[in-house]
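Only heavy atoms go into these numbers, but all of them, side chains included; no hydrogens, no water, no symmetry mates.
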Amino acid sequence: MTASLYFLLVPLALAFWVGWSYRFGVWNDIGLYAVLVVMLGFGLLGSYVYGRARQS
């Protein structure tokens, strides 16, 4: 369950990126990329780590 909650950060990050770009009309922004990297990093790494722990 923890792995799936971490993986939910990936589509949430993509939705945040599209929503931010739609709202403010900016696709390239360093602050936006900082948030996206953190969300995608935690989502992918957390789902990988907790997914492997569940398999063991």
Side-chain angles (χ1 to χ4, degrees):
M1 178 163 162
T2 305
S4 61
L5 291 175
Y6 270 110
F7 188 73
L8 281 177
L9 285 173
V10 173
L12 182 64
L14 297 177
F16 180 75
W17 184 35
V18 171
W20 183 277
S21 302
Y22 176 74
R23 172 70 174 99
F24 296 108
V26 176
W27 289 93
N28 298 328
D29 185 27
I30 191 68
L32 177 61
Y33 286 148
V35 173
L36 290 178
V37 165
V38 170
M39 289 176 75
L40 289 172
F42 274 114
L44 293 174
L45 188 63
S47 62
Y48 175 74
V49 168
Y50 283 104
R52 286 185 49 91
R54 189 175 70 180
Q55 290 175 357
S56 301

Response to the item:
The reported gap from CG in Leu44 to CG in Leu9 (rounded to nearest 0.5 angstrom) is 9.0 Å
Fill in: Ser47 versus Ala3, closest heavy-atom pair with distance
CB-O, 3.5 Å
Worksheet item: With sequence neighbours excluded, what pairs up with Val35 under the side chain to side chain contact (heavy atoms under 4.5 Å, CB included) test?
Response: Phe16, Met39
Worksheet item: Where is the tightest heavy-atom contact between Ser21 and Leu32, given as atom of each residue plus distance?
Response: OG-CD2, 4.4 Å
Discussion item. Run the ring-ring contact (aromatic ring centres under 6.0 Å, His included) test against Phe7 and tell me which residues pass, sequence neighbours left out.
Written reply: none
Worksheet, complete the sentence: When rounded to the nearest 0.5 Å, the distance separating CG of Leu40 from CG of Leu45 is 12.0 Å
Practice prompt. Would you kindly confirm whether Leu12 and Val38 end up in one hydrophobic cluster when ILVMFWY residues are joined by side chain heavy atoms under 4.5 Å apart?
Written response: yes
Discussion item. Go through it in stages, so that I can follow the logic: the residues are Asp29 and Phe24, the test is side chain to side chain contact (heavy atoms under 4.5 Å, CB included), and I'd like the CA-CA distance, side-chain angles, deciding distance and then a yes or no.
Written reply: CA-CA 11 Å; Asp29 185 27; Phe24 296 108; over 6 Å; no
Item to complete: Would you mind listing every side-chain hydrogen bond (donor to acceptor under 3.5 Å, both in side chains) that reaches into residues 4-13, with sequence neighbours excluded?
Response: none
Item to complete: Apply ring-ring contact (aromatic ring centres under 6.0 Å, His included) to Tyr22 and list each qualifying residue two or more places apart in sequence or on a separate chain.
Response: none
Worksheet item: Any chain of hydrophobic side-chain contacts (each under 4.5 Å) joining Phe42 to Trp17?
Response: yes
Item to complete: Could I get the full list of side-chain hydrogen bond (donor to acceptor under 3.5 Å, both in side chains) partners for Tyr33, not counting sequence neighbours?
Response: Asn28
